[in-house]
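Just so it is clear: chains get the letters A, B, ... in the order the sequence lines come, proteins before strands, and each one is counted from 1. All of these numbers come straight from a predicted model, not from anything done at the bench.
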Amino acid sequence: MYSILFKSFIRSKIAIISIVLLMGVGLISILLGKQFIQKQEKAISEAELFQKESIKRNVMYHNDDIGLLLYYLRFSLIKEPNNLTGLSIGQRDVNPSIQTVTIRGLEGQKYDTDFENPSLLLSGNLDLGFVIIYLFPLVLIALTFNLFSEEKERKTWRLIASQTASTVNFLYKKLTIRVLFLYMILIVLFLLAISILQIPINEALLAFISISVFYLAFWTSLCFLVVSFQKNSSFNALALLSVWITLTILFPAIVNNYVMNTYPVPEALRTMIEQRDGYHEKWDEAKEVTMDNFFAHYPQYKKYPVPKDKFSWLWYYGMQQMGDDESRESSKEMKEKILLRESISQTIATIIPTMHTQLMFNQITQTDLNNHMQFLDHLDKFHEELRLYFYPKIFENYLVKNEDWSKFKPKIALIQNHINWGKSIYSLLFITLLISFLTFLNLRKI
Amino acid sequence: MRKSVIIIIAKQLWKNAFRSKVLHVTLTLAIILITFAAYSGWKNYKDQNRIRNFYQEEARHSWESNPDKHPHRMAHYGSFAFRLKHKLSLFDFGMENYIGNAVFLEAHKQNTINFSEASLSTGLLRFGEINLAMLLKVIFPLLIFYLGFGVIANERENSTLKIMITQGASWNEILFGKSLGLIVLSMLFFIPVMVLTLLFISTTENYTITFAEMLRFFILIITYLLFYGILSIITILVSATSTTAKNSLIKLLGIWLIFIIILPKTLQALGYYLYPTPSKIEFESIVENDLIKEGDSHNPDDAHYKTIRDSVLLANNVTSVDQLPFNYGGFIMNESEKISSAIYNKHQKDLFNIYKNQNTIERFSALINPYTAIKHISMAFSGTDFASYIDFQHQAERYRYQLAQKMNTLQMEFIPNKRTDKPNRIDKSHWKAFPDFKYDFLSIGSILKNEFLSIFSLILWSILSIIIMIRLSKKAKAI
C-alpha cells in the first residue's frame, strides 16, 4: 500500500517542484551562511593585523609620551562566529562582532555599527532558518491541502472507501508519505549544512535540528486539522495560506509594531548627548570638579598630583571618564529597555510557533539580541581592564619603550550559551498535541 | 466593444462579490489591519520625530551655551545629526528601521550612524512590520486574488460563460468588464488606505502640508492605481485561461508567493553573494593607509606638511610661521581636514557603489515583476528608500565638514601664532552664529530620476497587460 502511494506521489509534478525549490533555495542558504562565516573570519584576521600594525606605527611616532600614545591606540574585542551561525544569522548582520576601542570614553564608541547595505537588511538574510520557517510549511501546505479533497474531486474517494478497511488510515498513510518526504529533504539539507559549514555534532546542533523537527510537526498537525474538515481544495488552499500569512507575516509584524511603539528607546540619544557634554564641559570647569569625581570613582589614584595651571593626562583621562560616568544612568536605562523588549518579545512568541522558532534558532546559534548585549557587557569589562592597566602607567609617565606592546592582541569574548531544552520545545510540543487532539475529534466523525 | 455591456459585466461582478461571504470576511480583516497600520505608523512617526527633535534641540542648546573658548575645542565638541522621518514614512516604513538615526559629528573623524531600530530589536524584526504600504503591496494583492480567481473560471465551470457568449457578449467585453469590476472592487481596500494616509499627513504637523508632500502623495496614488490595475487584469487573465477555478487559484497563489515573497529576497541575496561588502575593519585600514600616504600632520618631520609649510612661508614672504598673518595651526588643520575627508569620501563612494551593485539585480527585476517596481516607487516617494539613506549620510557629512572648517577658519583669523600668557579664546557668539544641522528631503525631480526604471516598468506592465488581454480575447474559448 505504502509503496503504491509513494510511487503515485513521487511521480506527481508537485513533488518534483518541492524537491527543486527546497533543495535549491536550501543549498543557496547554506552557501550564503558559509559566505557570512568566511567574511567574519576574514574580518577577525584583518582586525588582528590592523591592531598589530597600528600599535607598531603609533608606538614609533609617539614614543616619548604614553598619554598621547594611548589617545590613539585601539584595541579590538572579538565575538567569534561558531559554525552554527551560518544556519541562522539573526542579528549578527546588524550588530557588529568586532568592537575596536581606545581607552577614552567608552559610551561614545560602544554603539558604533558595522557597515551594511540597508536594502539587504530590509530583505533579510536568506539562511537555512528562513528556509525552514517559511518555505517548508509552504511546501507542506502545497503537498497536503488536497489530501482528501483531490480524491473526492477526482471521484476516486468512493472507490477508496469501498476498498480500504479504514478511510482514516488511508489518509494517515498519504499524509505520512508526504511528511516523511519533507523530513527526508530536511535531513539531506542538514547533512549538506554539516559538511559545508563543518558544524561539529554537539548539543547545539541537536537542539537546532530538534526544534526544526518539532516545528514541522506543528505545521503537519495544522495542515491535517484543516484537511479533517473535509472541505474542497480551494477552501483548504485559501485557509492554509491565510494561516501561513498570519503566522509568518501578520502576527510577527503586529508584535514588532507593538513593541517598537510601546517601548521607544530615547535613552539611546540621551546617552550620546550626556556622554559628549559630560566630557567636553569639563574643559571649561575648574580641574577640581573633574578630579574630585574621578578620585571618588578610583580612590587608588588619589596619590597622583594634578598640576594646577597646565594640561595633564591625569586631568584629560579624568574628563574622558566623566563622559562615561555622567551618561552611565541613561546607558543603563537603555540596556534595561532593550532587554525588556527582548523578554516581552519572547513571552509573546511562546504562543506563536513561527516567532518562537526564529528566536530559538537565534539563541542556539548565538545570534540573538541577548547575545549582543552580553557582548557589550564583555566590552565594558574589556575596556575597564585596559583602563586599569594603563591609567597608572600614564599617570606615572611610564616609558613607552619599557612596555611590551606586542602582547596586546585582539581579545576573544567568550560568551556562554546554555541550551534550554524545555523552553525550546515544550511550547511547540504542546501546541502540536493540542491541534492533533482537535483533529482526532474531527476525524472520529468520518 | 460596447461600453454599456462592459459596465453591466463589471456591475455583475461587483454584485456577485457582495453576495459571497469571502468579501465580508476579507473586508473586515482589511479594515482591522488598515486601522492598526495607520495608527501605528502615525504613532511611530509622531513619537520618533518628537524624540529626535527634542534631542536635536537639546544638543543645540548645549552647543550654544558653551563659554568663550578655543575654536578647535568646539570642533571636537562637535554636533549631532538626528535623522528626521519624512511625513509619508507613516505610509511606507521602507528601510526606516534598518538605518541609523543618530550620528555624532566632530572634526577629523567620520562616525557611524548609530541606533537603528533594528540594532535595538530582536530577530523578530526580520518577519517585517505592518504599515499601510505593506498592506497595499503584500497583503491586499492576495485578497484581490482570493476575490478574483473564480470570476471567469467559475462561469466556465457552471457553463454560464457559454450562455453569455451566445447572448452576444464578446470576449473583449467580458475581459474588460470583469477587469473593470475587479479594479473597482479593489478600490474598497485602496481608498480607505489613501484616505487615512491623507488624513494623517495633513493633520499631523499642526495641519500644515507642503506642496511637495501633496505631490508625493499624488504620485503614490497614481502609481498604486496602475499597480492595482495590473493586478486585477492578471487575475482575470489567469482566471480566463484556467479550466477550473481551483487551477486558477493555485496558479495565482503560486504567482503571489514567487513574485512577492521568494523572488525579491533571493535576488537581493544573490546580489550580496556576487558583490560582498568589505568589513568595517578592512574599510578603515584602507582609509588609514591612504591617509598615511598623504602624510601625517602629527609628525613634525613629515615631508608633505613640510612642503606645505615652506610654500606658505614663501607665499607670505616670511621666514617663520609665527610671522604669518593667520594662525598656522588652523591652516594646517584646514588642509588636513580637506585631504582626509576627500579620502574618506572617495572610499565611502566606493562602498556605496558596492551597495548599489548589490541592489542592481533586484531593482532590474522590476521589469519582470511589477511588485518590485511599486515597492521601490513607494519607498522612494515616502522618503524611506536607499537613496534617502545615502542622501542623509551626505548631508550629515557635509555639515560635519563645514563645522570643522568653520572652526579652523575662526582659529586662523582670531588665534595668534605666538603663545601668550592669556589662554587663547574667542567669543561665544561665534557658536550661535554657526547654524544647526537641518535635513532636507530629496527633491521630487531627483526621486523621479532615481526611480525612472521602476516607473517605466510599471507603465510597461500596464500597457502589456492590456495588449495581452486584447490578444487573449481573440482566441479564448468558452469551454
Side-chain angles (χ1 to χ4, degrees), chain A residues 25 32 35 39 42-43 46-47 50 61 90-91 94-95 98 108 111-124 126 138 233-234 237-238 241 248-249 252-257 260-261 264-266 268-270 272-273 276-277 280 283-284 338 341-342 345 355 358-359 362 368-369, chain B residues 36 40 43-44 47-48 51 55 58-59 62 67 69 73 77 80 82 95 98-100 102 104 112 114-115 117-130 146 245-246 249-250 253 257 264-266 268-269 272-273 276-277 279-283 285 298-299 351 355 358-359 386 389:
Chain A
V25 182
L32 285 169
Q35 191 193 28
K39 188 186 158 188
K42 187 163 161 257
E46 277 161 0
F50 178 79
Y61 283 160
Q91 290 296 85
V94 174
N95 297 322
I98 302 176
Y111 310 103
D112 283 356
T113 60
D114 264 349
F115 298 134
E116 202 45 272
N117 180 355
S119 315
L120 187 79
L121 298 178
L122 172 66
S123 91
L126 186 63
L138 267 181
S233 299
S234 297
L238 276 181
L241 193 66
T248 59
I249 299 178
I254 289 171
V255 173
N256 270 333
N257 285 28
M260 241 160 49
N261 278 343
V265 195
L269 309 188
R270 203 199 311 150
M272 277 179 105
I273 295 179
R276 173 188 76 165
D277 293 0
H280 277 280
W283 282 91
D284 309 312
I338 294 173
R341 281 178 155 203
E342 161 92 9
S345 305
M355 295 164 68
Q358 180 71 69
L359 288 182
N362 290 354
D368 56 327
L369 181 63
Chain B
F36 178 79
S40 73
K43 187 168 161 51
N44 190 259
D47 287 353
Q48 287 298 328
I51 290 169
Y55 285 107
E58 192 93 326
S62 328
K69 62 167 89 173
R73 284 257 51 78
Y77 187 82
F80 294 91
F82 297 114
M95 291 172 194
Y98 296 92
I99 55 191
F104 178 47
T112 54
N114 294 344
F115 299 121
E117 192 64 45
S119 71
L120 307 169
S121 297
T122 66
L124 293 183
L125 191 60
R126 301 317 169 83
F127 284 104
E129 310 120 290
I130 292 232
Y146 282 4
K246 185 190 108 185
L249 177 69
I250 305 294
L253 296 186
L257 282 172
K265 189 174 172 117
T266 314
Q268 186 74 55
Y272 180 68
Y273 193 75
T277 321
S279 66
K280 187 179 171 190
I281 211 113
E282 188 182 343
F283 179 87
S285 340
H298 293 292
N299 182 358
L351 182 70
Y355 291 170
Q358 289 174 351
N359 301 344
F386 182 73
Y389 156 75

Report task. Please step through salt bridge (Lys or Arg N to Asp or Glu O under 4.0 Å) for the pair B/Glu282 and A/Lys42, ending with a clear verdict. Result -> CA-CA 9 Å; B/Glu282 188 182 343; A/Lys42 187 163 161 257; 3.2 Å; yes
Report task. Kindly determine whether A/Asp277 and B/Tyr77 satisfy side-chain contact (heavy atoms from CB on, under 4.5 Å), including the steps that lead there. Result -> CA-CA 8 Å; A/Asp277 293 0; B/Tyr77 187 82; 3.0 Å; yes
Query raised in the report: After noting the C-alpha distance and the side-chain angles of B/Phe115 and A/Met272, does the key distance pass the side-chain contact (heavy atoms from CB on, under 4.5 Å) rule?
Result: CA-CA 10 Å; B/Phe115 299 121; A/Met272 277 179 105; 3.7 Å; yes
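Note: A/Leu238 leads A/Val255, A/Val25, A/Asp368, A/Leu238 in heavy-atom pairs under 4.5 Å with chain B. The candidate from A/Leu241, A/Ile254, A/Asp114 with the greatest count of non-hydrogen atom pairs under 4.5 Å with chain B is A/Ile254. No other option in B/Met95, B/Gln48, B/Arg73, B/Lys43 has as many heavy-atom pairs under 4.5 Å with chain A as B/Arg73. Put simply, of A/Leu138, A/Asp112, A/Thr248, A/Asn362, the one with the most heavy-atom pairs under 4.5 Å next to chain B is A/Asp112. When each of B/Ala269, B/Ala245, B/Ser285 is scored by its heavy-atom pairs under 4.5 Å with chain A, the top score falls to B/Ser285. Between chain B and the residues A/Val94, A/Leu121, A/Leu32, the most heavy-atom pairs under 4.5 angstrom are made by A/Leu121. Contact tally against chain A (heavy-atom pairs below 4.5 Å) for B/Leu124, B/Leu125, B/Leu249: the top residue is B/Leu124. Taking A/Leu269, A/Val265, A/Ile338 one by one and counting their heavy-atom pairs under 4.5 Å with chain B, the maximum is reached by A/Leu269. Among B/Phe104, B/Tyr146, B/Phe82, the residue making the largest number of heavy-atom pairs under 4.5 Å with chain A is B/Tyr146. Comparing A/Pro118, A/Pro264, A/Ala47 by heavy-atom pairs within less than 4.5 Å of chain B, the highest count is held by A/Pro118.
Although no hydrogens or angles enter the test, the distance criterion places no donor-acceptor pair under 3.5 Å between the side chain of A/Lys39 and the main chain of B/Pro276. Between the side chain of A/Asn257 and the main chain of B/Ile130, a donor-acceptor pair closer than 3.5 Å is present.
Using a 4.5 Å cut-off between heavy atoms, A/Asn95 contacts chain B through its side chain alone, with no backbone atom that close. Using a 4.5 Å cut-off between heavy atoms, B/Tyr389 touches chain A through its side chain atoms alone. Using a 4.5 Å cut-off between heavy atoms, B/Phe36 contacts chain A through its side chain alone, with no backbone atom that close. Contacts between A/Gln35 and chain B at a heavy-atom distance below 4.5 Å involve the side chain alone, from C-beta outward. Heavy atoms closer than 4.5 Å to chain A are found in the side chain of B/Lys69, but not in its backbone. Contact of A/Asn117 with chain B is made through backbone and side chain together, with heavy-atom distances under 4.5 Å. Contact of B/Phe386 with chain A is made through the side chain alone, with heavy-atom distances under 4.5 Å.
Separation of atoms OH (B/Tyr98) and OG (A/Ser123) is listed at 9.0 Å; rounding is to 0.5 Å. Here the CD-OG distance, from A/Glu342 to B/Ser121, works out to 10.5 Å after rounding to the nearest 0.5 Å. The OH atom of A/Tyr111 sits 10.0 Å away from atom CG of B/Asn114, with the distance rounded to the nearest 0.5 Å.
For A/Glu46 and B/Ser279, the side-chain atoms include at least one donor-acceptor pair closer than 3.5 Å. Side-chain atoms of B/Asn359 and A/Ser119 include a donor-acceptor pair closer than 3.5 Å. If you check the side chains of B/Thr277 and A/Glu116, you find a donor sitting under 3.5 Å from an acceptor. Side chain to side chain, B/Asp47 and A/Asn261 fail the donor-acceptor criterion of an N or O pair below 3.5 Å.
Between B/Ser62 and A/Arg276, some side-chain heavy-atom pair lies under the 4.5 Å cut-off. Side-chain atoms of B/Arg126 and A/Gln91, non-hydrogen and from C-beta on, do get closer than 4.5 Å to each other. Between B/Phe127 and A/Ile249 there is no side-chain heavy-atom pair separated by less than 4.5 Å.
Note: B/Phe283 and A/Phe115 have perpendicular aromatic rings, judged against thresholds of 30 and 60 degrees for the angle between ring planes.
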